[in-house]
Colleague: 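This is the structure I want to talk about, given as structure tokens.
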Amino acid sequence: MRAVIQRVKAAKVTVMDELVSSIGPGLCVLVGIKASDTSKDVEYLVRKILALRLFEEEGKRWQKSVKDLNLELLCVSQFTLYHRLKGNKPDFSAAMKGEEAQQLYNHFLDRLGQSYDSSKIKDGKFGTYMQVHIENDGPVTINLESPDQKQADEGVDK
């Protein structure tokens, strides 16, 4: 799984000019799921996202996590994070397909809610053409990817 995490002052998702979800200060998390991802990848991403120290405390940077400060998360499923370019055209064959991806994405949202405060977890509309409005704070953008299973079994990036 892959996540692009942005520290935000505010973020919202609209579909056809209708508000779907919005948050104040916190994180906007764009989530991509590849065909071979499993619940182990979900566990890794949830643990890392909630522990990332992207916020300052008393003028010191990188001290607090979204969980430490009781902030909100806006998660948006984005299959385009798993693209390959074939010439100038993107190919998304590495991304997990429809229903299976939706099930794993919903599992990701459930695990976030179980590991944190579920009322602080918002999301877009899976499989829908969305507009994501982000007011970056910093800007701070972090790319995160779950380790492949062989690396995880060998203890890399725990």
Colleague: For Lys9, does the NZ atom have more than 12 heavy-atom neighbours from other residues, nucleotides or ligands under 6.0 Å away?
Modeller: no

Colleague: Can you confirm whether Ile23 sits close enough to Val8 that some side-chain heavy atom of one is under 4.5 Å from a side-chain heavy atom of the other?
Modeller: yes

Colleague: Under 4.5 Å between side-chain heavy atoms, counting indirect links through other Ile/Leu/Val/Met/Phe/Trp/Tyr residues: same cluster for Leu112 and Leu69 or not?
Modeller: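 Per the 4.5 Å side-chain linkage, Leu112 and Leu69 are co-clustered.
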
Colleague: Does any N or O in the side chain of Lys67 come within less than 3.5 Å of the main-chain N or O of Ser115, such that one atom is a donor and the other an acceptor?
Modeller: yes

Colleague: Compare every heavy atom of Val13 with every heavy atom of Gly124, then report the nearest pair and how far apart it is.
Modeller: CA-CG1, 4.0 Å

Colleague: Out of Leu144, Leu30, Ile142, which one pairs with Val4 under the side chain to side chain contact (heavy atoms under 4.5 Å, CB included) rule?
Modeller: Leu30

Colleague: Hey, mind stepping through Arg7 and Phe55 against side chain to side chain contact (heavy atoms under 4.5 Å, CB included) and telling me if it holds?
Modeller: CA-CA 8 Å; Arg7 187 176 70 190; Phe55 298 91; 3.4 Å; yes

Colleague: How close do Leu81 and Arg2 get, heavy atom to heavy atom, and via which atoms?
Modeller: O-NH1, 2.5 Å

Colleague: Decide yes or no for Asp123 and Val76: does some side-chain heavy atom of the first lie under 4.5 Å from some side-chain heavy atom of the second?
Modeller: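 Not touching, per the 4.5 Å side-chain cut-off.
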
Colleague: Taking Asp91 for its side chain and Lys86 for its backbone only, find out whether a donor-acceptor pair lies under 3.5 Å.
Modeller: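 Side chain of Asp91 to backbone of Lys86: no pair is present.
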
Colleague: Using modelled atom types only, decide if a donor and an acceptor are shared between the side chain of Glu72 and the backbone of Gly24 within a distance under 3.5 Å.
Modeller: yes

Colleague: Just wondering, do Leu19 and Lys12 contact through their side chains at under 4.5 Å, heavy atoms?
Modeller: yes

Colleague: Tell me whether Gln114 at atom CD has more than 12 heavy atoms from other residues, nucleotides or ligands lying less than 6.0 Å away.
Modeller: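 Correct, the count exceeds 12.
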
Colleague: If we count only N and O atoms by modelled type, under 3.5 Å, do the side chains of His107 and Ser39 hold a donor and an acceptor together?
Modeller: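 Note: His107 and Ser39 side chains miss the donor-acceptor criterion.
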
Colleague: For a quick test of reading the model, state the closest non-hydrogen atom pair linking Gln63 to Arg61 and the distance between them.
Modeller: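 Result for this residue pair: NE2-O, 3.0 Å.
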
Colleague: Using the side chain to side chain contact (heavy atoms under 4.5 Å, CB included) rule, take Ile33 and Phe79 through it: C-alpha gap first, then chi angles, then the decisive distance, then the call.
Modeller: CA-CA 6 Å; Ile33 302 172; Phe79 74 93; over 6 Å; no

Colleague: Closest heavy-atom contact between Met1 and Lys34?
Modeller: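 Scanning both residues completely, I find the closest heavy atoms to be N-NZ, 3.8 Å.
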
Colleague: What pair of heavy atoms forms the shortest contact from Ser36 to Asp41, and how long is it?
Modeller: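 Heavy-atom minimum between the residues: O-OD2, 4.3 Å.
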
Colleague: Side-chain heavy atoms nearer than 4.5 Å, only ILVMFWY residues, links allowed to pass through others: does that put Leu71 and Ile49 together?
Modeller: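 Cluster IDs for Leu71 and Ile49 match.
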
Colleague: Could you tell me whether the side chain of Asp117 and the main chain of Ser119 form a donor-acceptor pair under 3.5 Å?
Modeller: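 Here the side-chain-to-backbone pair exists.
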
Colleague: Would you call Tyr44 and Asp37 a side-chain contact if the rule is heavy atoms closer than 4.5 Å?
Modeller: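 Heavy-atom side-chain distance check fails, nothing below 4.5 Å.
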
Colleague: Could you walk me through whether Leu74 and Ser22 satisfy the side chain to side chain contact (heavy atoms under 4.5 Å, CB included) test, starting with their C-alpha distance in whole Å, then the side-chain angles of each, then the deciding distance to 0.1 Å, before giving a yes or no?
Modeller: CA-CA 7 Å; Leu74 176 62; Ser22 66; over 6 Å; no

Colleague: Kindly indicate whether the side chain of Cys75, heavy atoms from C-beta on, has any atom under 4.5 Å from the side chain of Leu109.
Modeller: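 Of all side-chain heavy-atom pairs linking Leu109 with Cys75, at least one is under 4.5 Å.
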
Colleague: Taking a hydrophobic cluster as the set of Ile, Leu, Val, Met, Phe, Trp and Tyr residues connected by side-chain heavy atoms closer than 4.5 Å, whether directly or through intermediates, do Leu54 and Ile121 fall within one such cluster?
Modeller: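 Yes.
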
Colleague: Kindly assign one of parallel, tilted or perpendicular to the pair Phe126 and Tyr105, based on the angle between their ring planes and the thresholds 30° and 60°.
Modeller: tilted

Colleague: Starting at OG of Ser21, measure out to CG of Leu73 and round the result to the nearest 0.5 Å.
Modeller: 12.0 Å

Colleague: Would you say the side chain of Cys28 lies within less than 4.5 Å of the side chain of Val132, judging by non-hydrogen atoms?
Modeller: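 Yes; the side chains approach each other to less than 4.5 Å.
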
Colleague: Determine, step by step, whether Ser65 and Asp68 satisfy the side chain to side chain donor-acceptor pair (under 3.5 Å) criterion, reporting the C-alpha distance in whole Å, the side-chain angles of both residues, the deciding distance to 0.1 Å, and the verdict.
Modeller: CA-CA 5 Å; Ser65 71; Asp68 293 334; 3.2 Å; yes

Colleague: Assigning hydrophobic clusters by single linkage (Ile, Leu, Val, Met, Phe, Trp, Tyr; side-chain heavy-atom cutoff under 4.5 Å), is Leu50 placed with Val140?
Modeller: yes

Colleague: Compare every heavy atom of Ala3 with every heavy atom of Leu45, then report the nearest pair and how far apart it is.
Modeller: CD2-CB, 4.0 Å

Colleague: Check this for me: does any side-chain nitrogen of one of Glu57 and Lys64 sit under 4.0 Å from a carboxylate oxygen of the other?
Modeller: yes

Colleague: Is the shortest side-chain heavy-atom distance between Met130 and Thr14 below 4.5 Å?
Modeller: no

Colleague: What about Phe108 and Tyr82, same hydrophobic cluster or not, with Ile/Leu/Val/Met/Phe/Trp/Tyr joined at side-chain heavy-atom distances under 4.5 Å?
Modeller: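 Cluster IDs for Phe108 and Tyr82 differ.
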
